[in-house]
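Nothing here was measured: the structure is a model prediction, and the numbers come from that model.
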Amino acid sequence: QVQLVESGGGLVQPGGSLRLSCAASGSIFSINAMGWYRQAPGKQRELVAAISSGGTTTYADSVKGRFTISRDNVKNTVSLQMNSLKPADTAVYYCNLDYRFASVLAGTSHYWGQGTQVTVSS
């Protein structure tokens, strides 16, 4: 079994920055694709960013240029640097992991974290 633990969420003013981290542990056989999804109240879960085992990245149009996803394959962690935050970024952010990049992109990853709250408000 694989466990994912997110951290770094909190309250920030519009225009501010936060860095989310996700640590993977447990039965990890090889380097996997990882990503971040978010879900705001009353809205569908949406892909924020994803990164393949080889480092290929993809971003939602709404965050492109503001967010950066990165990973440390040695530590089995993935991070999301969020800059120029907007109130629309307010959501619970979930880390996810799968051996298939396509599964991460589709939101069908085998493993998910518990989520961390990000609130952008003045």
Side-chain angles (χ1 to χ4, degrees):
Q1 186 67 28
V2 175
Q3 295 80 44
L4 302 176
V5 179
E6 302 100 333
S7 62
L11 175 64
V12 66
Q13 296 183 16
S17 298
L18 285 174
R19 184 176 178 87
L20 306 183
S21 295
C22 174
S25 63
S27 302
I28 303 175
F29 180 77
S30 61
I31 303 301
N32 295 275
M34 303 180 74
W36 290 94
Y37 278 73
R38 68 186 181 187
Q39 187 166 28
K43 294 186 177 181
Q44 187 177 354
R45 184 185 65 186
E46 65 174 348
L47 175 69
V48 178
I51 185 167
S52 73
S53 61
T56 300
T57 60
T58 189
Y59 297 90
D61 289 341
S62 60
V63 308
K64 193 173 183 64
R66 300 187 297 121
F67 292 9
T68 302
I69 188 171
S70 61
R71 66 184 299 156
D72 185 330
N73 290 336
V74 175
K75 297 180 179 180
N76 290 322
T77 60
V78 62
S79 298
L80 185 69
Q81 179 65 46
M82 306 186 294
N83 299 325
S84 301
L85 284 162
K86 306 174 180 179
D89 296 318
T90 297
V92 177
Y93 284 70
Y94 297 92
C95 175
N96 62 303
L97 178 152
D98 201 280
Y99 76 93
R100 298 190 185 98
F101 191 34
S103 295
V104 173
L105 297 176
T108 56
S109 298
H110 282 83
Y111 302 102
W112 293 81
Q114 82 288 349
T116 185
Q117 177 71 48
V118 172
T119 302
V120 184
S121 177
S122 60

Colleague: Does Tyr93 reach the main-chain N or O of Val118 with its side chain, forming a donor-acceptor pair under 3.5 Å?
Modeller: no
Colleague: Ser17: which residues meet the side-chain hydrogen bond (donor to acceptor under 3.5 Å, both in side chains) condition with it, sequence neighbours left out?
Modeller: Asn83
Colleague: When you measure from the side chain of Thr90 to the backbone N and O of Thr119, does any donor-acceptor pair fall under 3.5 Å?
Modeller: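 No, because the side chain of Thr90 does not come within donor-acceptor range (under 3.5 Å) of the backbone of Thr119.
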Colleague: I need the minimum non-hydrogen distance between Pro14 and Ser122, along with the two atoms involved.
Modeller: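 What the structure gives for the nearest pair is CD-N, 3.6 Å.
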Colleague: Provide the closest heavy-atom pair for Ser62 versus Arg38 in the form atom of the first, atom of the second, distance.
Modeller: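 Closest approach of Ser62 to Arg38: OG-NH2, 3.4 Å.
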Colleague: Return yes if some donor-acceptor pair links the side-chain N/O of Ser52 with the main-chain N/O of Phe101 below 3.5 Å, else return no.
Modeller: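 Such a contact is absent between Ser52 side chain and Phe101 backbone.
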Colleague: According to a hydrophobic-cluster definition based on side-chain heavy atoms being under 4.5 Å apart (Ile, Leu, Val, Met, Phe, Trp, Tyr only), do Val2 and Ile51 belong together?
Modeller: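 In one cluster with Val2: Ile51, yes.
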Colleague: What's the spacing between Ser27 OG and Gln3 CD if we round to 0.5 Å?
Modeller: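 Ser27 OG to Gln3 CD: 7.5 Å, rounded to 0.5 Å.
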Colleague: So how far is it from Phe67 CZ to Leu20 CG, rounded to the nearest 0.5 Å?
Modeller: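 Interatomic distance, Phe67 CZ to Leu20 CG, rounded to 0.5 Å: 8.0 Å.
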Colleague: Rounded at 0.5 Å granularity, tell me how far CZ in Arg71 sits from OG1 in Thr57.
Modeller: 11.5 Å
Colleague: With clusters defined by side-chain heavy atoms of hydrophobic residues (ILVMFWY) lying less than 4.5 Å apart, directly or transitively, does Leu105 cluster with Val78?
Modeller: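 They do not share one cluster, since no chain of ILVMFWY contacts under 4.5 Å joins Val78 to Leu105.
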Colleague: If I compare all heavy atoms of Ala24 with all of Leu4, which pair ends up nearest, and what's the gap?
Modeller: CB-CD2, 3.4 Å
Colleague: Could you see if Val92 belongs to whatever hydrophobic cluster contains Trp112? Use Ile, Leu, Val, Met, Phe, Trp, Tyr and a side-chain cutoff under 4.5 Å.
Modeller: yes
Colleague: Closer than 3.5 angstrom, by distance alone: can the side chain of Glu6 be matched with the main-chain N or O of Gln114 as a donor-acceptor pair?
Modeller: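 Checking the backbone N and O of Gln114 against the side chain of Glu6, a donor-acceptor pair under 3.5 Å is found.
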Colleague: Looking only at atom types and distance, does a side-chain atom of Tyr37 sit under 3.5 Å from a main-chain N or O of Val104, one as donor and one as acceptor?
Modeller: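 Checking the backbone N and O of Val104 against the side chain of Tyr37, a donor-acceptor pair under 3.5 Å is found.
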Colleague: So how far is it from Leu80 CG to Thr116 OG1, rounded to the nearest 0.5 Å?
Modeller: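 Going from CG on Leu80 over to OG1 on Thr116, the span is 11.0 Å.
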Colleague: By the disulfide bond (SG atoms under 2.5 Å apart) test, which pairs, at least two apart or in different chains, include something from residues 38-69?
Modeller: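 Sorted pair list comes back empty.
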Colleague: Side-chain heavy atoms under 4.5 angstrom apart, residues restricted to Ile, Leu, Val, Met, Phe, Trp, Tyr: same cluster for Trp36 and Tyr111?
Modeller: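 Yes; tracing contacts between hydrophobic side chains, which count when under 4.5 Å, links both residues.
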Colleague: Out of curiosity, Asp89 CG to Ser121 OG, how far, rounded to the nearest 0.5 Å?
Modeller: 12.5 Å
Colleague: Could you pull out the closest heavy-atom pair between Arg45 and Gly107, with the gap in Å?
Modeller: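 Smallest heavy-atom distance, with atoms named: NH2-O, 2.8 Å.
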Colleague: Quick check against the 3.5 Å criterion: does Tyr59 have a side-chain atom that pairs as donor or acceptor with the backbone of Ile69?
Modeller: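 Confirmed, Tyr59 side chain pairs with Ile69 backbone.
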Colleague: Distance check, rounded to the nearest 0.5 Å: Met82 atom CE versus Arg66 atom CZ?
Modeller: 9.5 Å
Colleague: Just wondering, do Arg19 and Ser79 contact through their side chains at under 4.5 Å, heavy atoms?
Modeller: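 Yes, side chains in contact.
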Colleague: Examine Leu97 and Tyr94 and state if one hydrophobic cluster contains both, with Ile, Leu, Val, Met, Phe, Trp and Tyr joined whenever side-chain heavy atoms are less than 4.5 Å apart.
Modeller: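 Result: no, two separate clusters.
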